[in-house]
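Atoms within a ligand are numbered from 1 in the order they appear, just like the ligands themselves. The shown structure was predicted, so the numbers you read here are calculated from the model rather than taken from an experiment.
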Amino acid sequence: MGELNIPTLDDRDFLNKKILVRLDINSPIDPKLGRLLDDSRIRSHIPTLKELLDKGNALVLLSHQGRPGDNDFVGLEEHSKLLSKYLGREVEFVEDVIGPYALRKITDMRGGDVVMLDNVRLVSEELIEATPEQHARSFLVTKLSKVVDSFVNDAFATAHRSQPSLVGFPVVIPSSAGRLMEREVSALAKVFSADLSPKVFVLGGGKVQDSLRIVENLSKKRLADRILTGGLLAELFMVAKGMNLGRENLQILEKFGILSLVPRAKKVLLSGAPIEVPVDFKVEVSGGVSEESSTKLNGVIKDIGPTTEDIYSSFIKDAGLTVVRGPMGIIEDERFRRGSTSLLRAAFEGKGYVIVGGGHMISMIGETPLDQSKVHVSTGGGALLLFLAGERLPALEALARGVKE
Ligand code: 3PG
């Protein structure tokens with residue numbers, strides 16, 4: 001695949017084989033009911049799976065969902081039912097990952113069978129970041145690689161993690177990128193090499209550590225003309241600027257360990273990075289919603305306010321490239337979706353190219369018809385931004401170095 005030298009399905013003899021396919025079907029989950037709120041990531045893998053099934057292969061599907069301790073850390077039974085629906089054939093859910101039950105099921109599979117293993121992060125070693133060679137010795141890789149012939153990585157959205165299920169298998173069995181991985185990498189590389197300026201990055205969502213890393217990268221390489229922040233990332237930069245967020249917002253930042261990132265955020269600001277923070281917010285006060293200026297905050301921040309929407313939208317409309325990753329507010333609650341919706345609208349109405357990434361933003365786009373020549377909807381969030389910032393993605397590197405057939 002292009003300059004990255006990654007084998008694709010075209011480079012492998014995947015005919016009547018047993019193939020382990022790493023998907024990223026990590027989806028937004030309703031925190032109260034534990035049910036999936038959006039299945040876009042699930043649908044995005046269907047072309048890869050259909051192509052492999054059409055060639056008589058048996059498929060063992062592997063994915064994560066959430067992280068241990070989080071509300072969205074759930075099993076994959078509901079995911080497997082949706083995969084069955086979109087594939088038009090049974091996807092058997094196996095409530096196990098590397099135990100004897102899973103291994104027996106895989107051993108007994110025949111061409112055309114599909115099984116979905118349970119959440120790979122139930123195996124604690126999956127959350128360890130290490131080298132491909134170290135991960136090749138993990139329980140996960142040693143056990144599963146003995147019962148399959150080959151590995152296909154279609155999980156672009158997790159390609160920035162150096163975890164066993166992403167980097168370990170290419171060391172030991174013939175591996176390739178799936179069609180989604182191929183499509184993402186080709187589209188993003190093309191867009192980013194073109195001269196599309198000014199470049200505006202809209203960053204929100206909950207994964208503040210990741211977002212800060214992205215901001216550090218963008219500012220070090222001077223890749224962004226403006227970085228428009230929302231959500232907890234905006235709050236972090238406001239604290240770094242010495243602004244007063246009010247007691248409750250500070251307590252939330254403290255609870256999520258975000259205050260420890262303030263020195264890094266200060267460093268980014270000192271380097272002259274073009275960071276914008278909201279001038280107003282939608283906040284929740286005693287069960288009600290109101291709008292407050294960023295300089296006089298009393299309520300709990302839940303979304304950007306209307307003036308910020310206007311300011312951010314005007315930057316976006318004039319951009320040559322807008323990259324949107326992560327929502328501006330708590331979009332699971334209808335009352336706090338407006339900020340994110342208006343910025344997406346501004347991006348689609350603007351004159352520039354638009355890349356939208358991350359599970360939550362994709363769920364906001366839903367089935368809206370889009371002009372494909374102007375918009376790339378990426379399944380990646382963190383992976384997308386790190387790729388655009390020129391970072392090496394471990395899962396892609398592992399595929400490029402992997403064993404030759
Ligand atoms: C994502 O949603 O960004 C990917 O699925 C990666 O998830 P993670 O940040 O929990 O590794």
What are the polar N/O contacts of ligand 1 with the protein below 3.5 Å, with distances?
{"unit_1": "ligand 1", "atom_1": "2 (O)", "unit_2": "Asn26", "atom_2": "ND2", "d": "3.2"}
{"unit_1": "ligand 1", "atom_1": "2 (O)", "unit_2": "Arg41", "atom_2": "NH1", "d": "3.0"}
{"unit_1": "ligand 1", "atom_1": "2 (O)", "unit_2": "Arg41", "atom_2": "NH2", "d": "3.3"}
{"unit_1": "ligand 1", "atom_1": "2 (O)", "unit_2": "Lys207", "atom_2": "NZ", "d": "3.2"}
{"unit_1": "ligand 1", "atom_1": "3 (O)", "unit_2": "Lys207", "atom_2": "NZ", "d": "3.1"}
{"unit_1": "ligand 1", "atom_1": "5 (O)", "unit_2": "Asp24", "atom_2": "OD1", "d": "3.4"}
{"unit_1": "ligand 1", "atom_1": "5 (O)", "unit_2": "Asp24", "atom_2": "OD2", "d": "2.7"}
{"unit_1": "ligand 1", "atom_1": "5 (O)", "unit_2": "Asn26", "atom_2": "ND2", "d": "2.9"}
{"unit_1": "ligand 1", "atom_1": "5 (O)", "unit_2": "Arg41", "atom_2": "NH1", "d": "3.3"}
{"unit_1": "ligand 1", "atom_1": "5 (O)", "unit_2": "His64", "atom_2": "NE2", "d": "2.9"}
{"unit_1": "ligand 1", "atom_1": "7 (O)", "unit_2": "His64", "atom_2": "NE2", "d": "3.3"}
{"unit_1": "ligand 1", "atom_1": "7 (O)", "unit_2": "Lys207", "atom_2": "NZ", "d": "3.4"}
{"unit_1": "ligand 1", "atom_1": "9 (O)", "unit_2": "Arg67", "atom_2": "NH2", "d": "2.7"}
{"unit_1": "ligand 1", "atom_1": "9 (O)", "unit_2": "Arg161", "atom_2": "NH2", "d": "2.7"}
{"unit_1": "ligand 1", "atom_1": "9 (O)", "unit_2": "Lys207", "atom_2": "NZ", "d": "3.0"}
{"unit_1": "ligand 1", "atom_1": "10 (O)", "unit_2": "Arg67", "atom_2": "NE", "d": "2.8"}
{"unit_1": "ligand 1", "atom_1": "10 (O)", "unit_2": "Arg67", "atom_2": "NH2", "d": "3.4"}
{"unit_1": "ligand 1", "atom_1": "10 (O)", "unit_2": "Arg121", "atom_2": "NH1", "d": "2.8"}
{"unit_1": "ligand 1", "atom_1": "11 (O)", "unit_2": "Arg121", "atom_2": "NH2", "d": "2.8"}
{"unit_1": "ligand 1", "atom_1": "11 (O)", "unit_2": "Arg161", "atom_2": "NE", "d": "2.6"}
{"unit_1": "ligand 1", "atom_1": "11 (O)", "unit_2": "Arg161", "atom_2": "NH2", "d": "3.4"}

Derivation of the salt bridge (charged side-chain N to carboxylate O under 4.0 Å, His left out) call for Lys143 and Glu125: CA-CA 13 Å; Lys143 281 179 187 278; Glu125 61 187 4; over 6 Å; no

Partner set under ring-ring contact (aromatic ring centres under 6.0 Å, His included) for Phe151, not counting sequence neighbours: Phe169

What distance separates Lys85 NZ from Ile42 CD1, expressed to the nearest 0.5 Å? 9.5 Å

Only one of Tyr312, Phe315, Phe201 clears side-chain contact (heavy atoms from CB on, under 4.5 Å) with Arg226; which? Phe315

Side-chain donor-acceptor pair under 3.5 Å between Ser165 and Arg22, yes or no? yes

Just to verify, which of Thr229, Leu233, Asp210 counts as forming a side-chain contact (heavy atoms from CB on, under 4.5 Å) with Val215? Leu233

